[in-house]
Peer 1: 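My structure is below; once you've seen it, I'll send some questions.
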Amino acid sequence: LRAWGRKAPQGALAACQDIPEGDDRASAYAEALEGWTREAPKSAGDWAVQNLFGAYRRAAIARIGKVWARSEPLVAAKWALGHPHESDKIFALTEVIETWAGNHARDAAEWAVKLPKGNLRDLTLSKAVLKWADDAHRPAAEWLISHAENIWLLPRAVARWGQQDPVAA
């Protein structure tokens, strides 16, 4: 379905209707939309938001966010923030920020720290910093120390560092 979604997204998405309701259909939509996202991410995202609901939409927008973030993380993050439903925003933004942080953790953290204070900022920032701490312990810890308002994340980042390199932590 991924390859079909890339070449003929409407046909691939129509075929998803024939799959029995449930997890298999949700996965099928996500696969077809992943293919479309590789060619036209905004169109794929708009289609998912307008045509899917519940678990189908959440699975689809999470996949779209993840795939889009590989090539255009900032654009994908702005798209994720634009969702009117809080749960959709969280599903999409979580995938975007984790993918972005896997490739460019400092950039993801710098973007997340600029979000308005609140739960969404805290979630996004923690995803970015903890992913960073998994891969580059010391720079993540140093960044947190230089951003004192986010020091609450330091014990969690150091704990991850300690799991991988107890002596250095």
Side-chain angles (χ1 to χ4, degrees), residues 1-16 19 23-116 118-137 139-140 143-144 147 150 153 157 160:
L1 278 170
R2 194 176 310 141
W4 190 6
R6 194 171 192 166
K7 293 177 183 169
Q10 295 302 327
L13 293 164
C16 294
I19 297 170
D23 290 344
D24 289 342
R25 186 184 286 184
S27 294
Y29 277 126
E31 287 289 317
L33 286 161
E34 178 177 337
W36 193 4
T37 300
R38 292 175 190 272
E39 298 299 320
K42 182 160 181 3
S43 296
D46 290 348
W47 187 94
V49 169
Q50 293 168 6
N51 294 285
L52 298 176
F53 301 94
Y56 298 149
R57 178 166 54 203
R58 286 189 299 273
I61 63 174
R63 181 79 63 91
I64 291 165
K66 182 177 189 157
V67 171
W68 198 350
R70 291 178 191 149
S71 61
E72 297 179 298
L74 182 58
V75 176
K78 288 178 181 177
W79 169 79
L81 280 176
H83 289 289
H85 302 290
E86 192 69 15
S87 63
D88 290 348
K89 190 180 297 186
I90 290 168
F91 271 90
L93 194 54
T94 296
E95 292 297 328
V96 168
I97 204 73
E98 286 180 348
T99 301
W100 190 358
N103 296 322
H104 303 285
R106 179 181 295 272
D107 294 344
E110 291 289 351
W111 179 84
V113 79
K114 293 175 186 168
L115 290 172
N119 291 338
L120 187 63
R121 177 187 178 274
D122 291 348
L123 171 70
T124 305
L125 184 59
S126 69
K127 294 285 184 187
V129 170
L130 295 178
K131 178 65 177 153
W132 189 5
D134 285 342
D135 300 330
H137 328 297
W143 186 88
L144 279 170
H147 290 77
N150 302 302
L153 277 169
R160 288 184 178 221

Peer 1: Could you pull out the closest heavy-atom pair between Ala77 and Leu93, with the gap in Å?
Peer 2: O-CD1, 4.1 Å

Peer 1: Looking at CG of Leu123 and NZ of Lys89, how far apart are the two atoms once the value is rounded to the nearest 0.5 Å?
Peer 2: 12.0 Å

Peer 1: First locate atom CD of Glu72, then atom NZ of Lys78, and finally report the distance between them rounded to the nearest 0.5 Å.
Peer 2: 11.0 Å

Peer 1: Heavy-atom distance under 4.5 Å between the side chains of Leu120 and Leu81, does that happen here?
Peer 2: yes

Peer 1: Decide yes or no for Trp111 and Val96: does some side-chain heavy atom of the first lie under 4.5 Å from some side-chain heavy atom of the second?
Peer 2: no

Peer 1: Is the number of heavy atoms from other residues, nucleotides or ligands under 6.0 Å of His104 NE2 greater than 12?
Peer 2: no

Peer 1: Does Val49 offer a backbone N or O that forms a donor-acceptor pair with the side chain of Arg57 under 3.5 Å?
Peer 2: yes

Peer 1: Shortest non-hydrogen contact from Glu110 to Lys114?
Peer 2: O-CG, 3.4 Å

Peer 1: Look up atom CG in Leu125 and atom CG in Leu130, then write down how far apart they are to the nearest 0.5 Å.
Peer 2: 8.5 Å

Peer 1: Is there a side-chain contact between Trp47 and Gln10 in this structure, where contact means two heavy atoms from C-beta onward sitting under 4.5 Å apart?
Peer 2: yes

Peer 1: Check this for me, if you would: do Glu39 and Lys7 make a salt bridge, where the nitrogen-to-carboxylate-oxygen distance has to be below 4.0 angstrom?
Peer 2: no

Peer 1: Just how far is it from atom CH2 of Trp68 to atom OG1 of Thr99, taken to the nearest 0.5 Å?
Peer 2: 13.5 Å

Peer 1: Calculate, to the nearest 0.5 Å, the distance between atoms CD1 and OG1 belonging to Ile61 and Thr37 respectively.
Peer 2: 11.5 Å

Peer 1: Counting neighbours of CG on Asp23 that are heavy atoms of other residues, nucleotides or ligands and sit closer than 6.0 Å, is the number greater than 12?
Peer 2: no

Peer 1: Provide the closest heavy-atom pair for Tyr29 versus Cys16 in the form atom of the first, atom of the second, distance.
Peer 2: CE2-CB, 3.5 Å

Peer 1: Does Arg2 come within less than 4.0 Å of Glu34, counting only side-chain N to carboxylate O?
Peer 2: yes

Peer 1: Indicate the atoms forming the closest heavy-atom contact of Ala12 with Leu1, along with that distance.
Peer 2: O-CD2, 3.9 Å

Peer 1: Could you check Lys131, Lys66, Lys127 and say which one makes a side-chain contact (heavy atoms from CB on, under 4.5 Å) with Glu98?
Peer 2: Lys127

Peer 1: Supply the atom-to-atom distance Leu13 CG to Asn51 CG, rounded to the nearest 0.5 angstrom.
Peer 2: 8.5 Å

Peer 1: Between Ala92 and Ala80, what is the shortest heavy-atom contact and its length?
Peer 2: CB-CB, 3.7 Å

Peer 1: Taking all non-hydrogen atoms of both residues, which atom of Arg121 and which atom of Ala112 are closest, and how far apart?
Peer 2: CG-O, 3.5 Å

